[in-house]
Engineer: 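So that we are looking at the same thing, I have put the structure below in structure tokens.
Chain A is the first sequence line, chain B the second, and so forth, proteins listed ahead of strands; every chain is numbered from 1.
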2 protein chains.
Amino acid sequence: MTEKEDKMNVEKAILDAATEEFLSKGFSGARTVAIAEKAGVTHAMLHYYFRTKEKLFECIIDTVIKELIDSVTEAYKRQDASLSFEDRVVAVMNAHLDFIIAKPQLPSFLFMEIFPSTENFKLIKEKASSALGSLNTQLKEALESANNNEEIDNISLPMLISDVVTLNAATAISSQLATKLLNITKEEYVAMRKQENEILIRKRLKK
Amino acid sequence: MTEKEDKMNVEKAILDAATEEFLSKGFSGARTVAIAEKAGVTHAMLHYYFRTKEKLFECIIDTVIKELIDSVTEAYKRQDASLSFEDRVVAVMNAHLDFIIAKPQLPSFLFMEIFPSTENFKLIKEKASSALGSLNTQLKEALESANNNEEIDNISLPMLISDVVTLNAATAISSQLATKLLNITKEEYVAMRKQENEILIRKRLKK
DNA sequence: AATTTGTTTAACAATCCTGTTAATGACAGA
DNA sequence: TCTGTCATTAACAGGATTGTTAAACAAATT
């Protein structure tokens, strides 16, 4: 079945190239000819497989969103139930950061391209709702029971999530500036921020 | 001098329209005809005054950057010297947030359009270096003397600045999601985040 | 009034970019 | 081997978008 493999290879090559192009340049900045070139196919092939630029874009958002959601839910599932609430939050936060760092353009792409568009946002909300819904209730329970057992400072769940997402997203985005602004490598900067984010969250949760 | 006023009006109208268009859609998403229309002039006028889309873009980055830098330095200058280090940091942070919130697309625009481009980044670094340099030394002195008088937890200056910028930028960006995700207004969300950011920073600075 | 200077308009040119199509090739099943 | 289907290519069509130009116009200067 070399034909089917070939077909998958072509499709995958286009998808990979498209992901890179869309994430780095945004929808309007991306060029379909550039994607085709990067994928090593004629640009007619791109239209043959995905019809339009919009459809191709939708395909890559779908997978990107799926990967993002999975990374968080997986990280939470893997948690040791015996850990304290504080330790669990930190562990999920770090797993989330590791995923984001692998695709550092993702946060600004989401903010620029996906969130402002009501339609795309609907899509992401649908995909995320079930996963985030259960994560939410789990966290809620953990926070409530933690308040009984541990000494947790008063904090609302939305603000806690906002803190984590905020710190991680900004870490990923600003990591691209690290080498340009400070005289350190991206990896050094990320390591510093990881430590700093952990300090911030731990201090925040302590009474 | 109605002619010069008129000229200024046309120029300003184009610049204002361009700022809105570029900030919300990015360079490649922006359309010069849309800018001209918004400004109420023919699109030939746009080229007459600014020659090219690129040149117009450079003009608006210049002013945007200048306003951003000024907002921070002004906020720092206005500070009461009798305040504690912690209070001063919080005051500057809040002033910074107020400015950003007025142009909520600014952070994602900077991250998407300016920072990735080495050339544009050079520009912003030049413009910011003198202002940020003096701010930096002022903060450094304040931090050192604070460590003698007050009880400040160990933190490096880059990380402190990174914390503040990070939290504020993310607040502005995510505020656009507030109404879509949580059932609250943007203003309510910003107020909540402002409070939360202040708690985070104060706790971070305390030993 | 004539000239000059700078502003504005409308039409047009040129290019870039997306998407199509018709022709060709490859290959599986009848 | 013939036929039909799918993959691929090259060339092109259409439209959007940026940028130019020539002519009209307004205002100031001589």
Engineer: Rounded to the nearest Å, what distance is computed from the CD atom of residue B:Glu54 to the C1' atom of nucleotide D:dT18?
Structural biologist: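 Those two atoms, CD and C1', are 10 Å apart.
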Engineer: For B:Asn9 and C:dG6, what is the distance between atoms CG and P respectively, to the nearest whole Å?
Structural biologist: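 For the pair B:Asn9 CG and C:dG6 P, the rounded distance is 20 Å.
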Engineer: More 5' along DNA chain C: A:Ala44 or A:Arg31, using each one's nearest nucleotide?
Structural biologist: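 Closer to the 5' end of DNA chain C: A:Arg31.
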Engineer: Tell me: CZ of B:Arg51 to C1' of D:dT20, nearest whole Å?
Structural biologist: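 Checked: the CZ to C1' distance equals 9 Å.
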Engineer: For A:Met45 and C:dA23, what is the distance between atoms CE and P respectively, to the nearest whole Å?
Structural biologist: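 Nearest whole value for this atom pair: 19 Å.
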Engineer: Kindly say if B:Thr42 contacts the phosphate of C:dT9, meaning a side-chain N or O under 4.0 Å from OP1 or OP2.
Structural biologist: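 True: B:Thr42 side-chain N/O within range (under 4.0 Å) of C:dT9 OP1/OP2.
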Engineer: Please report, rounded to the nearest Å, how far the C1' atom of D:dT18 is from the CZ atom of B:Phe22.
Structural biologist: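 In whole Å, D:dT18 C1' and B:Phe22 CZ are 12 Å from each other.
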Engineer: How long is the gap from CD1 on B:Ile201 to NZ on A:Lys203, to the nearest 0.5 Å?
Structural biologist: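 That separation rounds to 10.5 Å.
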Engineer: Does the side chain of A:Ser162 pick up a donor-acceptor pair with the side chain of B:Tyr189 at under 3.5 Å?
Structural biologist: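 Judged by distance alone, the side chains do pair up.
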Engineer: For A:His43 and C:dC16, give me the distance from atom NE2 to atom C1', rounded to whole Å.
Structural biologist: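 Taking NE2 of A:His43 and C1' of C:dC16, I get 11 Å after rounding.
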Engineer: Could you tell me the separation between the OH atom of A:Tyr49 and the C1' atom of C:dG19, rounded to a whole number of Å?
Structural biologist: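 So the two atoms are 17 Å apart, to the nearest Å.
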Engineer: Could you check whether the rings of A:Phe109 and A:Phe57 sit parallel, tilted or perpendicular, using 30° and 60° as the cut-offs?
Structural biologist: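 A:Phe109 and A:Phe57: perpendicular rings.
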Engineer: When you measure from the centre of the six-membered ring of A:Phe115, is the NZ or CZ of B:Lys180 closer than 6.0 Å and no more than 45° off the axis?
Structural biologist: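 No, cation not above the ring by the 6.0 Å, 45° rule.
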Engineer: Write down the distance between OH (B:Tyr48) and P (D:dA22), rounded to a whole number of angstrom.
Structural biologist: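 Computing the B:Tyr48:OH to D:dA22:P distance gives 16 Å.
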